[in-house]
Amino acid sequence: MEKIPDTHPRYNSLISRKKITQAMKKGIVHETGLIAHGRGEAFDYLLGEITIPQADIAEKIAAITMVCAKNPVISVNGNVVTLVSKDVISLAESIPAKIEVNLFHRTNSRIDKIITELVNFGAKNVYGKKADAKIPGLNHNRALCDKDGIFSADVVLVPLEDGDRCKALTDMGKTVIAIDLNPLSRTAQTASITIVDNVTRAISNIEKWVNKIKTFNRNDINNLIKKWHNKRNLSEITSYISKRLNSLF
Ligand code: PTJ
């Protein structure tokens, strides 16, 4: 593949595309992961490719929720591992949280490749191979999970999720934190905390908040959680996009 000059105005976007297409050829990303990535890019354009204030506050609430959880788990798939392996591993260490591979297009070969990729980037223990439990109410492979991981988690961080599993996890009584650039998706609408941001910015920003909130007192934390209203935040995001578009021309 040709070299992308770092002076190119769309450098970051081109690098992400290159990573995703190469990972698809290696069997880490599923073919439809390319479509999901393209949809994400389109929504990122609407946001101006930045972490907007409503995403930053959602990332702060996500950090608090994960740090206060008993058994927090970060669920990863092909796209996530390709774009942000290092960030995921670093976030999991700071919380601390477990990492579990959970795939929509699940094959043993993809599970093994994704676990190997994470281990090569420094992950010590990756869940997902031993799928000894099932999320009730799902009739596809994303139901398969680890009894000690997602199945028994109280809080699950799910970047690039599908709406079905998000709903099934909330139906199990779990707090679901979704990262999805599309504020209109079923995932975004169903999650307990929706982060409308690119996973390439979101994971490291959650970690920044994890480190900051260690200095917060219990009262500040309780007040922040009490004030959180996911639907209101989503509504502010769609207003942000619409105001931004109306002011462009
Ligand atoms: O690896 P697998 O087998 O689990 O397959 C994963 C995909 C991504 C194919 C699967 O989960 C899927 O089909 O996803 P969807 O339903 O297309 O949803 C993906 C959502 O993620 C869309 O709403 C996109 O806007 C969003 N998205 C895509 N790229 C990013 C993103 N959100 C945040 N950051 C991104 N980089």
Side-chain angles (χ1 to χ4, degrees), residues 10 12-21 23-52 54-55 58-59 62 74-85 87-88 91 99-115 117-118 126 128 131 135 138 140-145 150 156-169 176-191 193-206 234 237-238 241:
R10 305 283 315 144
N12 288 337
S13 162
L14 294 179
I15 289 290
S16 288
R17 285 181 176 193
K18 188 173 170 178
K19 284 185 184 169
I20 290 277
T21 47
M24 191 206 71
K25 287 177 190 156
K26 283 202 266 173
I28 289 176
V29 165
H30 187 263
E31 289 96 314
T32 58
L34 268 60
I35 299 168
H37 184 79
R39 179 155 48 167
E41 276 192 343
F43 277 101
D44 209 9
Y45 238 86
L46 301 180
L47 294 170
E49 296 173 307
I50 55 159
T51 299
I52 66 171
Q54 292 81 358
E59 282 152 7
I74 306 175
S75 173
V76 296
N77 65 10
N79 289 48
V80 174
V81 163
T82 300
L83 294 174
V84 283
S85 269
D87 293 355
V88 166
L91 174 64
I99 302 174
E100 179 165 339
V101 181
N102 178 279
L103 302 179
F104 187 72
H105 304 281
R106 184 185 176 104
T107 60
N108 284 337
S109 153
R110 282 191 72 217
I111 292 278
D112 289 344
K113 283 178 187 170
I114 292 173
I115 291 178
E117 184 82 351
L118 283 161
V126 182
I135 301 166
L138 285 183
H140 54 72
N141 277 342
R142 266 201 139 165
L144 298 173
C145 63
I150 289 172
V156 193
L157 172 64
V158 289
L160 273 78
E161 184 60 10
D162 61 80
D164 274 14
R165 189 175 70 129
C166 187
K167 164 112 185 19
L169 290 171
V176 179
I177 305 167
I179 303 175
D180 191 337
L181 279 160
N182 176 5
L184 308 173
S185 73
R186 279 185 311 133
T187 300
Q189 300 293 328
T190 318
I193 301 163
T194 306
I195 296 169
V196 180
D197 200 3
N198 199 318
V199 79
T200 55
R201 299 185 296 268
I203 301 280
S204 57
N205 204 38
I206 298 174
L234 282 170
I237 290 166
T238 48
I241 292 173

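Owing to the predicted nature of the structure, the values given are computational and were not obtained by experimental measurement. All ligand and atom numbering here is 1-based and tracks the order in the structure. Worth knowing before you read on, the calculation uses all heavy atoms, side chains too, and leaves out hydrogens, waters and symmetry mates.
- Not a single heavy atom of I35 sits under 4.0 Å from any atom of ligand 1.
- Residue R110 places a heavy atom under 4.0 Å from ligand 1.
- For atom 10 (C) of ligand 1, the nearest protein heavy atom lies 4.0 Å or farther away.
- For L103, no nitrogen or oxygen atom sits less than 3.5 Å from a nitrogen or oxygen atom of ligand 1, counting backbone and side chain alike.
- Considering each of A36, S185, P183, the one bringing a non-hydrogen atom nearest atom 12 (C) of ligand 1 is A36.
- A donor-acceptor pair is defined here as one N or O able to donate and one able to accept, closer than 3.5 Å; no such pair exists between the side chain of R142 and the backbone of R165.
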Test salt bridge (Lys or Arg N to Asp or Glu O under 4.0 Å) on R17 and E41 and set out the steps.
-> CA-CA 10 Å; R17 285 181 176 193; E41 276 192 343; 2.7 Å; yes
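- Every atom of ligand 1 is numbered from 1 in the order shown, and the set under 4.0 Å from a heavy atom of G33 is 9 (C).
- The residues D162 and R186 are annotated as not salt-bridged, no charged nitrogen and carboxylate oxygen being separated by less than 4.0 angstrom.
- With hydrogens and angles disregarded, no donor-acceptor distance shorter than 3.5 Å links the side chain of E100 to the backbone of G128.
- Between the D180 side chain and the A188 main chain, no donor and acceptor come within less than 3.5 Å of each other.
- With hydrogens left out, the protein atom closest to atom 5 (O) of ligand 1 is H105 CD2, 3.8 Å, a heavy atom.
- Given atom 32 (N) of ligand 1, the protein heavy atom at minimum distance is L181 N, 3.2 Å.
- Annotation: atom 33 (C) of ligand 1 to nearest protein heavy atom, D197 O, 3.4 Å.
- A side-chain donor-acceptor contact under 3.5 Å links T51 and D197.
- Ligand 1 places these atoms under 4.0 Å from at least one heavy atom of G78: 1 (O).
- Residue contacts with ligand 1: R106 is excluded, as none of its non-hydrogen atoms falls under 4.0 Å.
- The single protein non-hydrogen atom nearest to atom 26 (C) of ligand 1 is D180 OD1, 3.3 Å, given as residue, atom name and distance.
- Residue-ligand proximity, T32 to ligand 1, at heavy-atom distances under 4.0 Å covers atoms 9 (C).
- For R10, the salt bridge (Lys or Arg N to Asp or Glu O under 4.0 Å) test picks out E49, with sequence neighbours left out.
- The distance criterion of under 3.5 Å between nitrogen or oxygen atoms is not met by H30 with respect to ligand 1.
- The protein heavy atom nearest to atom 34 (N) of ligand 1 is V199 N, 3.0 Å.
- A donor-acceptor pair under 3.5 Å is absent between the side-chain atoms of R106 and the main chain of I111, judged by distance alone.
- Contact atoms of ligand 1 toward N182: 23 (O), 25 (O) (distance under 4.0 Å to a heavy atom of the residue).
- L83 has its side chain within reach of S16: a pair of non-hydrogen atoms, C-beta onward, lies under 4.5 Å apart.
- Looking only at distances, a side-chain donor or acceptor of K113 sits under 3.5 Å from a matching main-chain atom of K26.
- For an aromatic pair to be called close, the ring centres must be under 6.0 Å apart, and H30 with F104 fails this.
- Nearest non-hydrogen protein atom to atom 6 (C) of ligand 1 is N77 ND2, 3.4 Å.
- Under a 4.0 Å criterion applied to the non-hydrogen atoms of E161, ligand 1 contributes the atoms 18 (O).
- Close N/O approach between F43 and ligand 1 is not found [any backbone or side-chain N/O within under 3.5 Å].
- At the top of the distance list for atom 36 (N) of ligand 1, counting protein heavy atoms only, stands N198 OD1, 2.8 Å.
- Nearest protein neighbour of atom 21 (O) of ligand 1, counting heavy atoms only, is L160 CG, 3.5 Å.
- Side chain of N102 to backbone of L144: a donor-acceptor contact under 3.5 angstrom is found.
- For the pair N77 (side chain) and V80 (backbone), a donor-acceptor distance under 3.5 Å is present.
- Remark: among candidates R186, R201, R39, E31, the nearest residue to atom 15 (P) of ligand 1 is R39, based on non-hydrogen atoms.
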